[in-house]
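Structure first, then comments.
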Amino acid sequence: MLFNVFLPDKISFHISNRVSIRKVTTPNVSIAIFKVIDDHHIKLPKLGAVYFCSGRLPQGKIKNVTVRLTVANQYYITVLAECENQALPKTGKYVGGDLGLKALLNLSDGYKEPIQHFEDKYRKKLHHWEKLRSRRYLLAKQAIAWDHHNNVLVPRQLSDFKNYQKARVMVAKYRQKIANQRLNQLQKFTTKLVKQYDTIVLEKLNVKGMMKNHKLARAIANASWSRLVAILQYKCDWYGKQLIQVNSSYTSQICANCGQNNHRLGLSKSAWLAVRKWNCPNCGKHLDRDINAAKVILSKGLAIQ
């Protein structure tokens, strides 16, 4: 099991004097060399006691430790530990899920997990620092070119331009904030799913191909479908649950009540995408497009289980 702990900025200068590369891995670390002293202090080889922030402490037998420096000048420790079986008790429940852009995941029981647009909160500040970074980068490249043209003995490098480095780090920090908040939502939601259900059925999407649609690419990237499925997969493996992925073809067109394929109700593909609720011509059932698709996905998954 992997545990990530964060080293606050206030000790970055203390560590940077001793760690000069971006990533350091210490294999086969013994407990005598590496150990968690208390809730906020960890003992590392050659560094001694280091303050860290973490919501979950490492447990089990330590295999190795990796200290890495991100582009935002933030230090993280990744601890690989061998733990006992953490299987959760069986609930006897199963659920189907339809990935979407209106809601992150639509469940067959009617629940819809909302998509949080975390980037909206930092959009103006991120745009401000991105402009500064681009402008300062061009000025720095011009200065470097001037040094080379005039055969300066020690030509300047990008690392020598403090204003550019400051803008680069600020852009990285805002992007990291957005990524961390998005990951936090995915972690909490997937944990909730594996605790409530024994079998989870999702549609298998070609996300790479869908990203070629430039009108939807940003929304698809913000939804993080691939990350959601990956997190759910390893949690199902950890906790003794089952994740099934099925073909997504016609899931929104088939009526979950009678099983009739309505072929988009005769509408064009673009017009059908705008339909959120519809009535089945065969049985007359009023259907929510996303919830109906989740129910069809569930029935497909149980059929091949």
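It should be emphasised that the depicted structure is a prediction, and the values quoted were computed from it without experimental measurement. When a residue number appears, it is its place in the shown sequence, counting from 1. Values below: all heavy atoms of this structure, side chains included; hydrogens, waters and symmetry mates excluded.
- Of the inter-residue distances, the one linking Ile178 atom CD1 with Gln116 atom CD reads 13.5 Å to the nearest 0.5 angstrom.
- In this structure, Met170 CE and Asn73 CG are separated by 11.5 Å, a value rounded to the nearest 0.5 Å.
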Problem set entry | salt bridge (Lys or Arg N to Asp or Glu O under 4.0 Å) between Arg182 and Glu119, intermediate numbers included | CA-CA 9 Å; Arg182 184 180 292 118; Glu119 72 281 359; 3.8 Å; yes
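- Shown here are the side-chain contact (heavy atoms from CB on, under 4.5 Å) partners of Ala256, two or more places apart in sequence or in another chain: Asn292, Lys295, Val296.
- Residues Cys283 and Cys258 come closest through the heavy atom pair SG-SG, 3.8 Å.
- The closest side-chain donor-acceptor pair between Asp120 and His117, if any, does not fall under 3.5 angstrom.
- For the residue pair Gln245 and Gln233, no side-chain donor N or O sits within less than 3.5 Å of a side-chain acceptor on the partner.
- The hydrophobic clustering, which links ILVMFWY residues whose side-chain heavy atoms are closer than 4.5 Å, places Val229 and Phe189 together.
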For this session: Any chance you could lay out the salt bridge (Lys or Arg N to Asp or Glu O under 4.0 Å) test for Glu130 and Arg135, step after step, and finish with the verdict?
Result: CA-CA 9 Å; Glu130 283 178 335; Arg135 188 180 303 121; over 6 Å; no
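- Considering only heavy atoms from C-beta on, Ile304 comes within 4.5 Å of Val246 through its side chain.
- Rounding to the nearest 0.5 Å places OG1 of Thr251 at 8.5 Å from CZ of Arg289.
- Salt bridge annotation for Asp290-Arg276: present, with a cationic side-chain nitrogen under 4.0 angstrom from a carboxylate oxygen.
- By the neighbour-count criterion of 12 heavy atoms within 6.0 Å, atom CZ of Arg218 is sparsely surrounded, having that number or fewer from other residues, nucleotides or ligands.
- The side-chain heavy atoms of Arg136 and Phe161, taken from C-beta on, include no pair separated by under 4.5 Å.
- Linking Ile, Leu, Val, Met, Phe, Trp and Tyr residues whenever their side-chain heavy atoms come within less than 4.5 Å leaves Leu107 and Ile297 in two separate clusters.
- Separation of atoms CD1 (Ile231) and CG (Leu183) is listed at 5.0 Å; rounding is to 0.5 Å.
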For this session: Carefully, step by step, assess Asp198 and Tyr94 under the rule side-chain contact (heavy atoms from CB on, under 4.5 Å).
Result: CA-CA 6 Å; Asp198 291 343; Tyr94 40 81; over 6 Å; no
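- Side chain to side chain, Asn262 and Tyr250 fail the donor-acceptor criterion of an N or O pair below 3.5 Å.
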Exercise. Given Leu298 and Val95, is the side-chain contact (heavy atoms from CB on, under 4.5 Å) satisfied, shown in steps?
Worked result: CA-CA 6 Å; Leu298 176 60; Val95 71; 5.6 Å; no
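- Taking the centre of each ring, Tyr164 and Tyr137 come in below the 6.0 Å mark.
- Note on Leu228: it clusters hydrophobically with Ile115, by side-chain heavy-atom contacts below 4.5 Å among ILVMFWY residues.
- For the pair Gln260 (side chain) and Gln253 (backbone), a donor-acceptor distance under 3.5 Å is absent.
- For Ser252 against Trp278, the heavy-atom pair with the smallest separation is O-CZ2, 3.5 Å.
- Contact detail for Ala223 and Leu101: the closest heavy-atom pair is CB-CD2, 4.3 Å.
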For this session: Go through the steps to decide whether Leu88 and Lys195 satisfy the test side-chain contact (heavy atoms from CB on, under 4.5 Å), and finish with yes or no.
Result: CA-CA 7 Å; Leu88 292 172; Lys195 285 183 177 180; 3.8 Å; yes
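- Remark: Lys90 NZ is packed, more than 12 non-hydrogen atoms of other residues, nucleotides or ligands lying under 6.0 Å away.
- Heavy-atom contacts from other residues, nucleotides or ligands closer than 6.0 Å to CZ of Arg264 number more than 12.
- Note that the CD1 atom of Ile37 and the NZ atom of Lys43 stand 7.5 Å from one another [nearest 0.5 Å].
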For this session: Give the intermediate values and the outcome of side-chain contact (heavy atoms from CB on, under 4.5 Å) for residues Asp109 and Ile291.
Result: CA-CA 8 Å; Asp109 59 7; Ile291 301 301; over 6 Å; no
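- Side chains of Trp129 and Arg175 form no contact here, defined as non-hydrogen atoms less than 4.5 Å apart.
- A 6.0 Å sphere centred on NZ of Lys177 holds no more than 12 heavy atoms belonging to other residues, nucleotides or ligands.
- Note: the hydrophobic cluster containing Leu216 also contains Met211 (ILVMFWY, side chain heavy atoms under 4.5 Å, direct or indirect links).
- Counted by atom type alone, Lys121 and Gln181 present zero donor-acceptor pairs between their side chains at under 3.5 Å.
- Nearest heavy-atom pair, Leu186 versus Ser224, reported as atom, atom and distance to 0.1 Å: CD1-CB, 4.0 Å.
- For the pair His41 (side chain) and Val50 (backbone), a donor-acceptor distance under 3.5 Å is absent.
- Each of Leu105, Asp98, Ile244 was evaluated against Leu202; a single residue qualifies, Leu105, per the side chain to side chain contact (heavy atoms under 4.5 Å, CB included) test.
- For the pair Lys192 and Tyr111, the cation sits on the ring face: its NZ or CZ lies under 6.0 Å from the ring centre, inside 45° of the axis.
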Distance-only donor-acceptor pairs under 3.5 Å for side chains of residues 148-159, two or more places apart:
unit_1 : atom_1 : unit_2 : atom_2 : d
Asn150 : ND2    : Trp146 : O      : 2.7
Arg156 : NE     : Asp147 : OD2    : 2.8
Arg156 : NH2    : Asp147 : OD1    : 3.2

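- Lys204 and Ser248 share no side-chain donor-acceptor pair at under 3.5 Å.
- Taking each heavy atom of Val194 and Leu232 in turn, the nearest pair found is CG1-CD1, 3.9 Å.
- Taking the side chain as every heavy atom from C-beta outward, Asn180 and Phe118 never approach each other to under 4.5 Å.
- Side-chain contact between Leu99 and Leu104 is absent, with no heavy atoms from C-beta onward closer than 4.5 Å.
- Residues Ile77 and Ile42 meet the side-chain proximity criterion, which asks for heavy atoms closer than 4.5 Å.
- Contact of the Cys255 side chain with the Asn282 side chain is not registered, since no non-hydrogen atoms from C-beta on lie closer than 4.5 Å.
- Remark: His286 NE2 is packed, more than 12 non-hydrogen atoms of other residues, nucleotides or ligands lying under 6.0 Å away.
- A continuous path of ILVMFWY side-chain contacts below 4.5 Å connects Leu265 to Leu287, so both sit in one hydrophobic cluster.
- In this structure, Tyr197 OH and Thr199 OG1 are separated by 12.0 Å, a value rounded to the nearest 0.5 Å.
- Here the closest heavy-atom approach between residue Cys236 and residue Ile200 is recorded as SG-CD1, 4.3 Å.
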